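Read the structure below first, then the notes.
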Amino acid sequence: MIRTRILSSGHYLPEKILTNHDLEKMVDTTHDWIVQRTGIEQRHVAAEDETTSDMAIAAARQALENANLNGADIDGVIVATATPDRAFPSVAIAVQAALGVGNGPAFDLSAACSGFVYGLSTADALIRSGQAKRLLLIGAEKFSSIIDWNDRRTCVLFGDGAGAVVLEACEGVGTNADQGVLSSHLHADGSYQEMLYVDAETQFINMNGPEVFKFAVNSMSKIVKQTLDAVGMEEKDIDWLIPHQANIRIIEATAKKLKMPMEQVVVTVHKHGNTSAASIPLALYTALSNNQLSRGDLILFEALGGGFTWSSALVRY
Ligand code: UT7
């Protein structure tokens with residue numbers, strides 16, 4: 001049977017770093033409050049003229065280099081983003097043109113912070129159905145463009161950046177020992193739209209932090225169980241948890257539920273803040289650069305975002 005495996009990864013983080021101490025000069029906040037409540041110490045912020053497409057292209061270019069491939073070796077592009085440069089053409093189209101990707105599908109996917117895992121599941125479906133052999137999947141965000149820099153409840157939380165993976169078809173035998181995506185789960189519940197959204201008028205992000213926090217902890221615990229049950233595996237089978245990086249307390253609660261020591265959890269929230277759809281591929285890239293992951297390791301990805309949307313994927317690297 002066809003499986004979808006992760007061939008390589010790449011990343012891009014803007015040059016400018018905004019520390020908590022920088023934010024202390026902008027709004028009524030403290031480094032200690034931000035660290036204690038979120039774990040975030042700093043975040044990267046894109047230059048004014050730097051677009052989501054620029055970041056997506058840079059991350060994708062590195063992923064291609066790391067796989068020793070050219071754009072022409074790739075069938076299509078999926079970009080998970082909530083902050084595209086413009087309504088259309090999509091960020092994915094900009095990536096396709098810049099890197100000379102073939103004439104397969106190229107589209108953006110909007111599922112907020114859950115976008116990368118939504119994209120992974122979608123790419124897996126395209127590859128397993130034979131519609132593509134190799135795809136670029138990118139999470140790219142410029143959240144600094146939708147932040148009210150006077151609102152301390154939100155401006156301390158988010159960052160900009162992009163992460164990319166090259167996905168390719170491989171042969172599996174249909175067991176959990178196969179390399180690639182073993183199981184993925186996508187969910188949404190639109191009755192929570194007002195908990196986390198971009199205001200249509202101001203174009204600024206709004207969030208009911210405590211309610212999002214509660215839902216995140218509950219839904220992540222449930223989806224982890226669903227993901228493992230689907231393939232008849234147990235918590236102890238997972239080698240790495242690569243969660244969406246919104247808040248260290250949510251990440252720790254999920255790890256505890258999985259009875260997983262934090263040594264097996266990839267954490268980048270302290271350095272990147274919450275980069276929405278870019279957070280998981282950035283964390284994956286970081287773990288690979290640090291030689292934390294080995295081929296054959298079982299990785300659990302999970303995320304929650306505005307909508308709410310929430311999602312998970314179990315992948316043998
Ligand atoms: O990526 C999508 C998913 N997003 C998430 O998962 C985020 C989930 N939510 C959270 O991570 C947390 O709810 C936050 C980090 C956003 C907030 O932490 P909290 O512990 O839930 O704080 P809170 O909103 O209940 O606020 C506690 C206090 C309030 O003051 P009072 O009303 O108790 O006097 C806030 O006004 O902290 C105050 N506060 C701040 N103080 C200093 C809120 N933001 C700040 C700030 N600096 N930046």
Side-chain angles (χ1 to χ4, degrees), residues 1-12 55-80 91-92 95-96 98-107 109 115-140 161-184 239-240 242 266 268 277-301 311-317:
M1 69 181 286
I2 300 173
R3 296 282 199 185
T4 304
R5 72 176 187 127
I6 299 173
L7 195 56
S8 66
S9 84
H11 86 305
Y12 178 80
M55 295 190 277
I57 291 164
R61 185 170 279 133
Q62 190 183 37
L64 285 180
E65 279 166 14
N66 287 341
N68 281 319
L69 293 173
N70 296 312
D73 301 318
I74 303 290
D75 302 329
V77 186
I78 302 174
V79 177
V91 175
V95 174
Q96 187 209 34
L99 301 181
V101 172
N103 295 125
F107 59 95
L109 189 156
F116 183 80
V117 182
Y118 261 67
L120 185 58
S121 184
T122 306
D124 181 40
L126 286 169
I127 287 176
R128 279 190 297 115
S129 66
Q131 293 189 73
K133 282 209 160 55
R134 275 202 206 112
L135 292 172
L136 262 168
L137 170 62
I138 305 159
V165 290
V166 175
L167 300 170
E168 87 172 352
C170 66
E171 271 301 318
V173 292
T175 70
N176 290 338
D178 285 353
Q179 197 180 20
V181 178
L182 300 181
S183 140
S184 65
D239 296 301
W240 294 99
I242 305 190
V266 179
T268 51
S279 93
I280 287 181
L282 276 171
L284 173 67
Y285 174 84
T286 304
L288 286 169
S289 308
N290 295 339
N291 293 319
Q292 285 175 286
L293 310 185
S294 305
R295 284 285 172 198
D297 282 356
L298 190 67
I299 308 171
L300 179 68
F301 298 103
S311 52
S312 68
L314 200 56
V315 178
R316 191 168 300 285
Y317 177 62

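Given the structure is predicted, the values throughout are model-derived calculations rather than measurements. All heavy atoms count here, side chains included; hydrogens, waters and symmetry mates do not.
Inter-residue side-chain proximity for Leu137 and Leu135 is flagged as unmet; no heavy-atom pair is nearer than 4.5 Å. The shortest side-chain heavy-atom distance between Leu288 and Tyr317 falls under the 4.5 Å cut-off. A heavy-atom distance below 4.5 Å is found between the side chains of Leu136 and Val166. Residues Val181 and Leu167 fail the side-chain proximity criterion, which asks for heavy atoms closer than 4.5 Å. Using a 4.5 Å heavy-atom cutoff, the side chains of Ile6 and Gln179 are not in contact.
Residues satisfying the side-chain contact (heavy atoms from CB on, under 4.5 Å) criterion with Ala56, sequence neighbours excluded, are Val91, Val95, Ile138, Ala140. Applying the salt bridge (Lys or Arg N to Asp or Glu O under 4.0 Å) test to Arg316 and every residue at least two apart in sequence or in another chain returns nothing. Partners of Thr175 according to the side-chain hydrogen bond (donor to acceptor under 3.5 Å, both in side chains) rule, which considers only residues two or more places apart in sequence or in another chain, do not exist here. Judged as a side-chain hydrogen bond (donor to acceptor under 3.5 Å, both in side chains), and not counting sequence neighbours, Glu65 has no contacts. Applying the side-chain contact (heavy atoms from CB on, under 4.5 Å) test to Ala287 and every residue at least two apart in sequence or in another chain returns Val266, Gln292, Leu293. Every residue two or more places apart in sequence or in another chain was checked for a side-chain hydrogen bond (donor to acceptor under 3.5 Å, both in side chains) with Asn176, and none qualifies.
Panel note: side chain Ser8, backbone Ala63; a donor-acceptor pair is recorded below 3.5 Å.
For the side-chain hydrogen bond (donor to acceptor under 3.5 Å, both in side chains) condition, the pairs that include at least one residue of residues 116-127, sequence neighbours left out, are Thr4-Asp124, Ser121-Ser184, Asp124-Arg128. Within the structure, salt bridge (charged side-chain N to carboxylate O under 4.0 Å, His left out) contacts touching residues 281-290 (residues at least two apart or in different chains) do not occur.
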Tell me, with the steps shown, if Val79 and Leu109 meet side-chain contact (heavy atoms from CB on, under 4.5 Å). CA-CA 6 Å; Val79 177; Leu109 189 156; over 6 Å; no

Determine, step by step, whether Arg3 and Ile127 satisfy the side-chain contact (heavy atoms from CB on, under 4.5 Å) criterion, reporting the C-alpha distance in whole Å, the side-chain angles of both residues, the deciding distance to 0.1 Å, and the verdict. CA-CA 8 Å; Arg3 296 282 199 185; Ile127 287 176; over 6 Å; no

Do Asp178 and Val173 pass the side-chain contact (heavy atoms from CB on, under 4.5 Å) test, and can you show the C-alpha distance, the side-chain angles, and the key distance before you say yes or no? CA-CA 7 Å; Asp178 285 353; Val173 292; 3.3 Å; yes

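Listed here is the closest heavy atom pair of Ser9 and Val165: CB-CG1, 4.0 Å. In terms of heavy atoms, Ala162 sits closest to Met55 at CB-O, 3.4 Å. Nearest heavy atom pair, residue Ile2 against residue Ala169, reads CG2-CB, 3.9 Å. Shown here for Ala283 and Ile242, the closest heavy-atom pair between the two residues is CB-CG2, 3.7 Å. In this structure, Phe116 and Ala277 approach most closely via the heavy-atom pair CB-O, 3.4 Å.
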Review item, side-chain donor-acceptor pairs of residues 67-78, under 3.5 Å, at least two apart:
| unit_1 | atom_1 | unit_2 | atom_2 | d |
| --- | --- | --- | --- | --- |
| Asp73 | OD2 | Asn70 | N | 2.7 |
| Asp75 | OD2 | Lys133 | N | 2.4 |
| Asp75 | OD2 | Arg134 | N | 3.0 |

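Taken from CG in Leu284 to CD1 in Ile280, the straight-line distance is 9.5 Å, to the nearest 0.5 Å. Note: Leu314 CG to Phe301 CZ = 9.5 Å, rounded to the nearest 0.5 Å.
His11 and Tyr285 have parallel rings, their planes meeting at less than 30° on a 0 to 90° scale where 60° marks the start of perpendicular.
Sparse packing is recorded around CG of Asn103, with 12 or fewer heavy atoms of other residues, nucleotides or ligands lying under 6.0 Å away.
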